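Remember, predicted model here, so these are calculated numbers, not experimental data.
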Amino acid sequence: ILREAELLASLDHPGIPFMKEIIRGKDLFLISVIAEEPLHHHGGDLFDRICHLGRFNEIDARGLIKNLLEVLEYLHGKGIVHRDIKPENILMVFKDENTTIKVTDFGLAKHAADGLHTVCGTPQYFAPEIQALRGGHAGSYSSAVVSETPLFDIGHVVGGVLLFVLLAGELPFGQTQLSQQIMQAEVSFEKPCWRGVSLMAKDLIGRLIVREPSKRLTASEALLHPWI
């Protein structure tokens, strides 16, 4: 908890909770995270918002993804990988607005320079290279994250899986043969829910859910995509 708090204290971005102070006691650490908005205005997490709405319209999905990409670009610029971006770890700042967010739960976050040897996070949001390590292939993924810009976060989670979830209301990969689907990195837009979604939105998803890391957009590149 202290490591997470100290990491948060080093960050300054509107899309990340502000760590005002850490009070150290003999057996207890009291951590104060101060939000600018009144507590009664807070809107729960993104998972609950998706459950409530069913699906996001493209305007709101675009705004939310843009804000999230900017957070990731900031983190990656500091050499930090979050390692567990998912709807449950994204707080909605307002009850009646669907784009302003705070990225939370930095318990697994780490500086890439320290080495990233542990496979962690939520399987449904794994990139193929992380799934390969989880499947028993020995090695570290730190070189991939450092050289290609935080693929673990942006490659599948934000640009791909999370955007897919926002627009479709469901994950792109089912539980049956999940690991094989992740490794293949192929998504389908055949369901009726995709009929009204623009080609540009689908194009961005297709440029992020990519098996080959070097062909995947980074956060900075995704922010320049026409759909954004």
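Minimum heavy-atom separation, Pro87 to Leu162: CG-CD1, 3.7 Å. Between Leu8 and Pro17, the shortest heavy-atom distance links the atoms CD2-O, 4.2 Å. When all heavy atoms of Leu204 and Leu217 are compared, the pair lying nearest together is CD1-CD1, 3.8 Å. For the pair Ala61 and Leu163, the tightest heavy-atom approach, listed with the atom from each and the gap, is CB-CD1, 4.5 Å. When every heavy atom of Pro172 is checked against every heavy atom of Val187, the shortest pair comes out as CB-CG1, 3.8 Å. Across every non-hydrogen atom of Glu73 and Ser220, the tightest pair is OE2-OG, 2.6 Å.
Counting only distance, with no hydrogens or angles, the side chain of Asn89 and the backbone of Asp84 share a donor-acceptor pair below 3.5 Å. Side chain of Lys86 to backbone of Phe47: no donor-acceptor contact under 3.5 angstrom is found.
Exactly one residue among Leu11, Ile85, Ile16 makes a side chain to side chain contact (heavy atoms under 4.5 Å, CB included) with Val71. That residue is Ile16.
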Run the side chain to side chain contact (heavy atoms under 4.5 Å, CB included) test on Leu75 and Val81 for me, step by step, so that the C-alpha distance in whole Å, both residues' side-chain angles and the decisive distance to 0.1 Å come before the verdict.
CA-CA 7 Å; Leu75 292 174; Val81 187; over 6 Å; no
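Considering only residues two or more places apart in sequence or on other chains, Glu4 meets the side-chain hydrogen bond (donor to acceptor under 3.5 Å, both in side chains) condition with none of them. Residues meeting the side-chain contact (heavy atoms from CB on, under 4.5 Å) test with Ile59, sequence neighbours left out: Asn57, Arg62. Glu170 pairs by the side-chain hydrogen bond (donor to acceptor under 3.5 Å, both in side chains) definition with Lys191, not counting sequence neighbours. In this structure, Phe56 has no ring pair (Phe, Tyr, Trp, His ring centres under 6.0 Å) partners at least two apart in sequence or on a different chain. Remark: Lys78 pairs with no residue by the side-chain hydrogen bond (donor to acceptor under 3.5 Å, both in side chains) rule, at least two apart or across chains. Residues satisfying the side-chain contact (heavy atoms from CB on, under 4.5 Å) criterion with Ser198, sequence neighbours excluded, are Glu58, Met200, Ala201, Trp227. Partners of Thr99 by side-chain hydrogen bond (donor to acceptor under 3.5 Å, both in side chains), not counting sequence neighbours, listed by chain and number: Glu97.
No side-chain heavy atom of Val93 sits less than 4.5 Å from a side-chain heavy atom of Ile101. Leu46 is not listed as a side-chain neighbour of Glu88, based on a closest heavy-atom distance of 4.5 Å or more. Between Leu69 and Ile65 the shortest side-chain heavy-atom distance falls below 4.5 Å. Here the side chains of Thr104 and Ile90 are not in contact, with every heavy-atom distance at 4.5 Å or above.
Note that NZ of Lys66 and CG of Leu68 are 12.0 Å apart. Values are rounded to the nearest 0.5 Å.
Sorted by first and then second residue, the salt bridge (charged side-chain N to carboxylate O under 4.0 Å, His left out) pairs with a member in residues 218-228 form an empty list; sequence neighbours excluded. Pairs of residues two or more places apart, or lying in two chains, that qualify as side-chain hydrogen bond (donor to acceptor under 3.5 Å, both in side chains) and include a residue from residues 46-55 are Arg49-Asn98. Contacts classified as salt bridge (charged side-chain N to carboxylate O under 4.0 Å, His left out) and involving residues 195-206 (residues at least two apart or in different chains) are given here: Asp203-Arg207. Within the structure, salt bridge (charged side-chain N to carboxylate O under 4.0 Å, His left out) contacts touching residues 6-17 (residues at least two apart or in different chains) are Glu6-Arg24. Within the structure, ring-ring contact (aromatic ring centres under 6.0 Å, His included) pairs that include any residue of residues 191-225 comprise Phe164-Trp194, Phe189-Trp194 (at least two apart or interchain).
Under the 4.5 Å side-chain heavy-atom criterion for ILVMFWY residues, a single connected hydrophobic cluster contains both Ile209 and Leu64. In the hydrophobic clustering of this structure, Ile228 groups with Val165; members are Ile, Leu, Val, Met, Phe, Trp, Tyr whose side-chain heavy atoms approach within less than 4.5 Å, directly or through other members. Criterion: ILVMFWY side-chain heavy atoms under 4.5 Å apart, direct or through other members. Under it, Leu91 and Tyr74 are not part of a common hydrophobic cluster.
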